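Here is the structure we will look at, set down as structure tokens.
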Amino acid sequence: MAVYEAAHPPETPVAAAGQQIDTGRWFVTLRSARIGTISPTGVPPSNPKQLIMVDLDVVNRSAMPNNLLGKVVVPAPLAAPAGTVPEIPTTYLDRDKYFANYFNPNMPERVTMAWTWPQGMPVPETLTVTVKGEIYKLRDNLYGATGWYDGDPVATVELPVERVP
């Protein structure tokens, strides 16, 4: 059965914008997407680049503060090929328009995640965002240590892309 299940994985559920998604370590609610050249801080960059930004609400469900949200929310066009490291987005707190460091446990935050959009890649009308799950293990198989480990995608969300300056 394990071989069959690996060859025929179940389809990833589709969630609606505004619907809360349980990833294991996080509660994530994707709100909207936009593309522009000015980051959420409002300061124009010294070397202009195009940014794809996703607005979302997050709650850290773990017992420790952490900043590992960037590997959970991934826009499908920017997903890294197998064996390569994806670009980690810059995350901004919406309440003070500055970089998000650590997210405290059980403290809801509204944030904006920003990725650099490749030059020459056409901007889609809707952005497909994959939300990946994380699994908590009391003891891992290698070291016997506790930790959160990458799981399968738990949802995809289609967000219309708004164009802003």
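Everything quoted here is computed from the prediction, not taken from an experiment.
Both Ile35 and Met113 sit in one connected hydrophobic cluster of ILVMFWY residues. Membership requires side-chain heavy atoms under 4.5 Å apart, directly or through other members. Linking ILVMFWY side-chain heavy atoms closer than 4.5 Å, directly or via other members, places Met121 and Leu159 in a single hydrophobic cluster. Hydrophobic clustering, with ILVMFWY side chains joined whenever heavy atoms are under 4.5 angstrom apart, keeps Trp115 apart from Tyr92. When hydrophobic clusters are built by joining Ile, Leu, Val, Met, Phe, Trp and Tyr residues whose side-chain heavy atoms come closer than 4.5 Å, directly or via intermediates, Trp117 is grouped together with Leu56. Under the 4.5 Å side-chain heavy-atom criterion for grouping Ile, Leu, Val, Met, Phe, Trp and Tyr, Val123 is connected to Val157 within one hydrophobic cluster.
Sequence neighbours left out, the pairs with a member in residues 136-157 that pass salt bridge (charged side-chain N to carboxylate O under 4.0 Å, His left out) are Lys71-Asp150. Sorted by first and then second residue, the salt bridge (charged side-chain N to carboxylate O under 4.0 Å, His left out) pairs involving residues 112-123 (not counting sequence neighbours) form an empty list. The stretch residues 52-68 participates, sequence neighbours left out, in these salt bridge (charged side-chain N to carboxylate O under 4.0 Å, His left out) pairs: Asp22-Arg61, Arg31-Asp57, Arg34-Asp55, Asp57-Arg110.
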Worksheet item: Taking it one step at a time, do Val43 and Ile38 satisfy side chain to side chain contact (heavy atoms under 4.5 Å, CB included)?
Response: CA-CA 6 Å; Val43 178; Ile38 298 176; over 6 Å; no
Worksheet item: Are Leu69 and Trp26 close enough, and set up right, to give a side chain to side chain contact (heavy atoms under 4.5 Å, CB included), and what steps lead you there?
Response: CA-CA 8 Å; Leu69 184 63; Trp26 303 91; 3.8 Å; yes
Worksheet entry | Check against side chain to side chain contact (heavy atoms under 4.5 Å, CB included), Asn60 and Val58 | CA-CA 7 Å; Asn60 175 7; Val58 297; over 6 Å; no
Fill in: Derivation of the side chain to side chain contact (heavy atoms under 4.5 Å, CB included) call for Thr156 and Glu158
CA-CA 7 Å; Thr156 59; Glu158 296 281 334; 5.7 Å; no
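Here the side chains of Val161 and Thr126 are not in contact, with every heavy-atom distance at 4.5 Å or above. Looking at heavy atoms from C-beta onward, Phe103 lies in side-chain contact with Leu93 at the 4.5 angstrom threshold. By the 4.5 Å heavy-atom criterion applied to side chains, Leu51 and Thr116 are counted as neighbours. In this structure, Val28 and Val73 have side chains that are in contact, with non-hydrogen atoms separated by less than 4.5 Å. Counting heavy atoms from C-beta outward, Thr91 and Asn67 have side chains that stay 4.5 Å or more apart. Under the 4.5 Å side-chain criterion, counting only non-hydrogen atoms from C-beta, Ser62 is not in contact with Pro105. A heavy-atom distance below 4.5 Å is found between the side chains of Met53 and Pro40.
In this structure, OH on Tyr136 lies 5.5 Å from CG on Leu138, to the nearest 0.5 angstrom. Between the CG atom in Leu68 and the CZ atom in Arg25 there is a gap of 5.0 Å [rounded to 0.5 Å].
Side-chain contact annotation: Glu134 with Thr23, donor-acceptor N/O pair under 3.5 Å absent. For Asp94 and Thr112, the side-chain atoms include at least one donor-acceptor pair closer than 3.5 Å.
Remark: Tyr149 pairs with no residue by the ring-ring contact (aromatic ring centres under 6.0 Å, His included) rule, at least two apart or across chains. Tyr98 is linked by a ring-ring contact (aromatic ring centres under 6.0 Å, His included) to nothing, counting only residues two or more places apart in sequence or in another chain.
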Please table the atom pairs, donor to acceptor, closer than 3.5 Å between any side-chain atom in residues 8-17 and protein atoms at least two apart or in another chain.
{"from": "His8", "atom 1": "ND1", "to": "Tyr4", "atom 2": "O", "distance (Å)": "3.2"}

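No option in Ser39, Pro44, Pro45 other than Ser39 meets the side-chain contact (heavy atoms from CB on, under 4.5 Å) test with Thr41.
Nearest heavy atom pair, residue Gly133 against residue Val154, reads CA-CG1, 3.8 Å. Residues Ile135 and Gly151 share a closest heavy-atom pair of CD1-CA, 4.0 Å.
Atom OH of Tyr102 sits in a sparse spot, with 12 or fewer heavy atoms from other residues, nucleotides or ligands closer than 6.0 Å.
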